[in-house]
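All heavy atoms count here, side chains included; hydrogens, waters and symmetry mates do not.
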Amino acid sequence: MKGNWGRILRVNLSENESREEELPPDVIGGKDLASRFLLPLSPELDPLSPENPFIVATGPFSGTGFPGSSRFGAFFKSPLTEIFGESYCGGSFAPELKKTGYDGIIITGKAEKPVYLWIHEGGVEIRDASHLWGKDAWETEDELKRELGKCEVLTIGIAGENLVRFANVAHRKGRQLGRTGAGAVMGSKKLKAIAVRGEKEVEVANEERIERLKEEVIEKSREVHRAISEFGTPNILAVSHNAGALPTNYWKDGALENLDALSAETLKKRYFRRKTTCYACPTACGKYSVIDSGKFAGTEVEGPEYETLYALGSLCGVEDAEAVIKANELCDRFGIDTMTAGNTIAMVMYLMEKGALSEKDVGLRITFGDSEGMLRLIEMISKREGFGDILAEGSYRASMKLGEEAKKAVIHVKGLEPAAYDPRALKGMALAYAVASRGACHLRHMVYRPNLTGKHPFDPEKSVNRLSYDQAEIVKELEDFYALTSSLLMCNFWCLPTVGPVLWNELKEAYESITGVQIDMGEFKELGAKINDRVREFNVKCGVNREKDTLPERFFTEPLGRGASSGEIVEREKFEKMLSEYYALRGWNERGIPKRVS
Ligand code: SF4
């Protein structure tokens, strides 16, 4: 298949050795590649054991210059959820890794002392990283670039070293493999960083056809990406707030008291200094924020993204943009996922408000809106200091240690906290959170978008009612679409439901032009379904079934508070019917078990 080299690099840190391995010719890349290697693992595998593979994978689009092809993925058994762990990141790492002549890296074992991996034209080196251990993610990247010259770097911060279960992996001081604990897996292997520099140019099958498609897609993106290019993802905040779907005060409310406090317009006017972008992307959705004055003067960070504004803003009742920017910077430097961090801290605020936790338990008094307490807890979590040691396990595991009230309060699916869309206000998200392959995720389907816009993702003639439970078909088709974009490796913002600019037709055309594989649309869609089936098989082996494909009890019984969806719940019977419809569409049985074996 053109676009791929057909080989990966295998690294065994216990043995201090590496070797090349050929890939089967039908491997696409990304999620498809990783699911083949993860499926045979024992379901008993401890995610923090040396045997858990840390897979970094590109796809056939990587390095081709196709717009949106900056993505790469990391895959492993998740230390947070103990099911399929996956996380994706933009920036410039994917094309650089591709240029080394490998489609991906599979790292197993555990080094005796801290190391980093250095892959370059001259070979593969496992180098001592003792001088980097203890440094934050940004310091580590700076230090490595000083040492190695031109290269692209992935690194963990101290949270990864401390095995915080939601530690992330940082790239370019602002892009992250954010969710499901990739940083903890690297930390468990004593792997501080991966640096790559390559010079090989990847070949595509039909240069002329892909160049023409590139131009068409870029032309369409000018309109589609206008808002995201100007405001970044914070642009979604007002839309979500207006629908009453913005999780606020630990899932009690669906809207802020004061939208302006965190709005995209406020951020743009006061803090955004410049745009940032990824490889081959004219959109530049990233926003670099700087605080010039006040108690957080001097804070600089790429962000905050919408998901961070929600998790460390509305969810914690913190209607203070500067505090959110500061919290974002701390999370990025320490190397923790802002979404799980915000959810875990907001849960503590909620429990303290209910009297289920005391100042003595936590080591400080913290209530909704307490930004100082939030910043302190981020540090305690990252360092596993005091009560932070319990919270470093993520909200679900922490709740199991904190008593009955915490077990009733915690919001998660399969151990992963949801994204910034309340499923009581967007019923498609209820199903999508329940069945998504990594837990309560928003990116493996993007169902929030048709729910918020009212537009069908692929059929302009049809509309979507966000309160309707008739969404099984939409969820299934979107999941299959994104299983492919996560294997070919495309940025989701270039593949937005309804507007694209890359939807089924463009994706198939790019696939054919780059790989040289001609494929019927039905078969192409089936590839996506097959990848989802294989990941499901892995998750079923890890104990996932219909009982796990559900939502926290609060969503079924506690009406949503403030906002346009006030009073909404997820009706259990309708939810279960939608779940059965979804299983039937996938060809899974009523227990959610796939019939097909890959
Ligand atoms: S749209 Fe944003 S995230 Fe996607 S490739 Fe462009 S800059 Fe990166």
Between E147 and H131, is any side-chain donor less than 3.5 angstrom from a side-chain acceptor? yes

Check side-chain contact (heavy atoms from CB on, under 4.5 Å) between K414 and all other residues, then give those that pass, not counting sequence neighbours. I83, V544, K548, D549

Output all residues satisfying ring-ring contact (aromatic ring centres under 6.0 Å, His included) with Y511, sequence neighbours left out; order by chain, then residue number. F524

Regarding K275 and S229, do their side chains bring together a donor and an acceptor under 3.5 Å, going by distance alone? yes

Do S437 and E86 have side-chain atoms, one donor and one acceptor, less than 3.5 Å apart? yes

Quick one: ring-ring contact (aromatic ring centres under 6.0 Å, His included) partners of Y306, sequence neighbours excluded? Y421

What residues, two or more places apart in sequence or in another chain, satisfy side-chain contact (heavy atoms from CB on, under 4.5 Å) together with S78? F76, L80, T81, T180

Identify, with sequence neighbours excluded, every residue that meets side-chain contact (heavy atoms from CB on, under 4.5 Å) alongside E203. K2

Looking only at the side chains, is there a donor atom on one of T155 and E141 sitting less than 3.5 Å from an acceptor on the other? no

Which pairs count as side chain to side chain donor-acceptor pair (under 3.5 Å) when at least one residue sits in residues 322-334, sequence neighbours excluded? D136-R333, Q176-D332, Y271-E322, K326-E329, N328-D332

Regarding E20 and Y102, is there a side-chain donor-to-acceptor distance under 3.5 Å anywhere? yes

Please determine, by modelled atom types, if R179 and T340 share a side-chain donor-acceptor pair under 3.5 angstrom. yes

Sequence neighbours excluded, which residues qualify as ring-ring contact (aromatic ring centres under 6.0 Å, His included) partners of Y88? F75

Set of side chain to side chain donor-acceptor pair (under 3.5 Å) partners for K113, sequence neighbours left out: none

Which residues pass the side chain to side chain donor-acceptor pair (under 3.5 Å) test with E125, not counting sequence neighbours? H120, R127

Checking Y116 now: which residues fulfil ring-ring contact (aromatic ring centres under 6.0 Å, His included) with it, not counting sequence neighbours? none

Test salt bridge (charged side-chain N to carboxylate O under 4.0 Å, His left out), reference E302, set R172, R175, R273, output is R175

Output all residues satisfying salt bridge (Lys or Arg N to Asp or Glu O under 4.0 Å) with E21, sequence neighbours left out; order by chain, then residue number. R10, R19

Test of understanding: with salt bridge (Lys or Arg N to Asp or Glu O under 4.0 Å), list the residues that count as partners of E506, not counting sequence neighbours. K220

